[in-house]
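Worksheet: the structure to be examined is printed underneath.
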2 protein chains.
Amino acid sequence: MKTKVLYIEDEPFLGRIVSETLQQQGFDLRLVADGAMVMKTLRSFHPDICVLDIMLPNVDGYTLCREIRAQNPGLPVIFLTARSETSDLVKGFEAGGTDYIKKPFSMEELIVRINNQLLLLSSLKKPLPDKDQQLGRYRLSVSRYELISPTTTHKLSAREMEILLLLTSGNNRVIERRDLLLQVWGDDSFFNSRTLDVYVRKLRSLFAEDPDIELVTLKGKGYLFLVKST
Amino acid sequence: MKTKVLYIEDEPFLGRIVSETLQQQGFDLRLVADGAMVMKTLRSFHPDICVLDIMLPNVDGYTLCREIRAQNPGLPVIFLTARSETSDLVKGFEAGGTDYIKKPFSMEELIVRINNQLLLLSSLKKPLPDKDQQLGRYRLSVSRYELISPTTTHKLSAREMEILLLLTSGNNRVIERRDLLLQVWGDDSFFNSRTLDVYVRKLRSLFAEDPDIELVTLKGKGYLFLVKST
DNA sequence: GCCAATAAAGGTTAATTAAGGTTAATGCTG
DNA sequence: CAGCATTAACCTTAATTAACCTTTATTGGC
């Protein structure tokens with residue numbers, strides 16, 4: 001699937017040039033000129049990265065960046081700006097930006113930096129563990145596809161294991177439902193299927209005997225695998 | 001423990017200036033001027049990040065970067081260089097660099113970019129700390145989505161938590177209604193919806209049993225989450 | 001300056017819609 | 001046909017909308 005870039009730029013000429021170049025490079029690009037539309041687009045478009053002009057009418061870029069990061073902490077945001085003073089750059093990073101490019105910039109630099117951010121991010125996404133791990137009173141043996149509770153041992157299927165690992169990989173962070181569906185089935189058409197819910201139910205029933213483990217639903221967002229430590 | 005920076009620079013004057021500034025900033029800095037020493041230092045010093053000049057005698061920076069990354073794939077490498085052509089920047093990223101700063105640069109920029117790289121790296125690694133907060137007689141467990149009163153525990157939905165956090169984030173400061181709407185729904189079209197009011201009502205009823213907590217309406221402005229401390 | 005009349009902002013409650021949960025039945029694929 | 005994966009049908013609850021009510025501002029005539 002194409003990498004989705006959300007590009008926020010109010011200046012029409014620059015906006016068009018950059019958009020077209022990035023599209024030629026194979027990015028799935030969405031250009032937004034109005035700051036007020038950004039948060040809405042974020043929810044519907046689900047970009048992999050944001051490129052953000054600082055000087056926008058109405059909203060300023062720093063505030064916008066803060067809002068984006070609050071909503072979606074893992075999303076890289078590259079500032080693209082005419083302001084070349086160091087103080088602006090500092091403000092950009094303070095607002096949660098993950099990179100900062102000064103105008104005039106070459107398209108090549110933008111492309112390289114976008115790819116770099118994506119690479120940094122993907123390398124951080126740790127591969128799913130293949131070792132055993134402790135979950136509350138349970139022990140999960142990844143290699144043997146078993147969930148071992150104090151009283152019984154339960155065999156897991158490949159799908160069950162995959163979903164459980166994704167849920168636990170977040171370290172008490174919310175795993176978006178959408179991400180789960182994409183990672184496990186990699187398909188939009190699954191988005192109205194109830195299959196995932198069936199697995200969630202299975203997992204919940206498996207962990208039922210440990211009150212310290214909870215798989216919380218966050219409606220409209222995703223799931224949170226909670227291990228309540230004492 | 002201090003953050004360890006391995007700084008590779010052959011030019012003595014620049015090397016000293018930068019080293020001293022970074023040390024003042026609280027970094028544990030190791031300056032290496034000879035490319036041949038880098039890999040050895042890497043093994044003994046175990047830096048958290050590398051800052052690397054491209055133009056070195058004997059070895060070139062790109063090759064060195066490749067070797068560093070091969071040895072230690074998770075280690076961020078910032079290029080610091082006089083070469084300002086895009087082709088050099090591209091080569092830098094291709095060699096595995098994670099950021100690229102052109103000379104002349106301000107020390108502030110270097111510091112910010114170092115911190116940014118470290119932040120990017122650490123952001124997904126650590127589990128989020130349990131950011132609980134005390135609100136009057138209630139305890140709010142953010143990670144568990146619970147509001148714990150002396151008598152009961154109430155589960156909060158994702159929206160309820162989001163709004164409550166925004167309201168309490170201001171430390172007895174006014175949160176503007178339009179900011180709330182923008183942050184939570186990010187859309188102008190919501191500005192005449194009554195949804196927010198419904199949530200405000202829910203929150204008020206949740207805190208009803210504590211007379212020291214008040215969610216004040218400031219008509220035309222916003223809300224004020226008041227905790228009357230003793 | 002006082003005080004209705006009116007508008008605007010926000011509150012309340014119930015109904016609606018959409019996201020997700022539950023079970024059981026059906027489809028696959030080795 | 002055995003065992004997992006998926007779909008279907010129906011249920012539950014969170015999120016939103018709608019309809020109507022209350023309170024606070026604003027304004028224009030006296």
Side-chain angles (χ1 to χ4, degrees), chain A residues 39-40 43-44 46 71 144-147 153-167 174-208 213-226, chain B residues 144-147 154-167 174-208 214-226:
Chain A
M39 298 310 288
K40 195 182 177 187
R43 264 178 277 270
S44 60
H46 288 275
Q71 174 77 26
R144 301 173 59 184
Y145 285 76
E146 283 176 350
L147 184 67
T153 293
H154 203 281
K155 276 265 171 204
L156 296 182
S157 75
R159 274 272 143 77
E160 286 161 359
M161 179 61 88
E162 195 182 358
I163 293 166
L164 177 56
L165 284 176
L166 283 170
L167 287 169
V174 179
I175 309 291
E176 289 198 21
R177 189 185 163 91
R178 194 189 177 86
D179 287 349
L180 269 174
L181 288 165
L182 273 174
Q183 289 242 22
V184 179
W185 289 278
D187 189 355
D188 297 82
S189 68
F190 249 85
F191 277 32
N192 42 12
S193 149
R194 298 259 66 77
T195 311
L196 175 56
D197 307 87
V198 175
Y199 281 103
V200 167
R201 192 187 129 64
K202 272 189 206 163
L203 291 176
R204 279 184 175 140
S205 73
L206 282 178
F207 288 104
I213 289 184
E214 204 180 342
L215 185 42
V216 184
T217 303
L218 295 167
K219 206 162 174 171
K221 277 212 161 59
Y223 294 94
L224 185 57
F225 191 92
L226 268 182
Chain B
R144 285 152 77 153
Y145 284 77
E146 286 174 347
L147 184 68
H154 202 282
K155 273 266 167 204
L156 297 182
S157 76
R159 276 270 189 280
E160 286 160 2
M161 178 60 90
E162 201 180 352
I163 293 166
L164 179 56
L165 280 178
L166 284 170
L167 287 170
V174 180
I175 310 293
E176 289 196 22
R177 191 184 162 91
R178 71 176 287 277
D179 283 352
L180 270 173
L181 288 165
L182 265 175
Q183 287 246 24
V184 179
W185 289 278
D187 189 351
D188 295 85
S189 68
F190 250 87
F191 276 34
N192 43 12
S193 149
R194 299 259 64 78
T195 311
L196 175 57
D197 306 87
V198 175
Y199 280 103
V200 167
R201 191 185 131 65
K202 272 191 205 160
L203 290 177
R204 280 183 174 141
S205 76
L206 280 178
F207 286 104
E214 206 178 339
L215 185 42
V216 185
T217 303
L218 296 165
K219 202 160 176 170
K221 292 219 158 52
Y223 295 94
L224 183 56
F225 192 92
L226 262 183

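Order of the sequence lines fixes the chain letters, A, B, ..., with proteins taken first and strands second; residue numbering starts at 1 for each chain. What you see is a predicted model; the values in this text were computed from it and never measured.
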For B:K155, give me all partners under salt bridge (charged side-chain N to carboxylate O under 4.0 Å, His left out), at least two apart in sequence or on another chain. A:E214, B:E146
For D:dG3, does OP1 or OP2 lie under 4.0 Å from any side-chain N or O of A:S157? no
Here the distance between atom C1' of C:dA9 and atom CG of B:L181, to the nearest Å, is 12 Å
Per-nucleotide protein contact along nucleotides 15-23 of chain C, 5' to 3', at a 4.0 Å heavy-atom cut-off (B base, S sugar-phosphate only, - neither), is ---BBBBBB
For A:D179, the salt bridge (charged side-chain N to carboxylate O under 4.0 Å, His left out) test, sequence neighbours excluded, returns none
Can you list the residues that meet the salt bridge (charged side-chain N to carboxylate O under 4.0 Å, His left out) rule with B:K202, with sequence neighbours excluded? B:E160
side-chain contact (heavy atoms from CB on, under 4.5 Å) for B:R204 and B:T217? Distances and angles first, verdict last. CA-CA 11 Å; B:R204 280 183 174 141; B:T217 303; 2.7 Å; yes
Could you tell me the separation between the CZ atom of A:R159 and the C1' atom of C:dT29, rounded to a whole number of Å? 14 Å
D:dG3 C1' sits how many Å from A:Y145 OH, rounded? 16 Å
Rounded distance (Å) that lies between atom P of D:dC4 and atom CH2 of A:W185: 16 Å
Please identify each residue that fulfils side chain to side chain donor-acceptor pair (under 3.5 Å) with A:S193, with sequence neighbours left out. A:T195
Who passes ring pair (Phe, Tyr, Trp, His ring centres under 6.0 Å) against B:F225, sequence neighbours left out? B:F207
Salt bridge (charged side-chain N to carboxylate O under 4.0 Å, His left out) with A:R178: which residues, sequence neighbours excluded? none
Between its two end axes (five pairs each) the helix from C:dG1-D:dC30 to C:dG30-D:dC1 turns, nearest 10 degrees, through 40°
Residue list, side chain to side chain donor-acceptor pair (under 3.5 Å) with B:Y223, at least two apart or on another chain: B:R177
Atom CG of A:L156 and atom C1' of D:dC4 are separated, to the nearest Å, by 13 Å
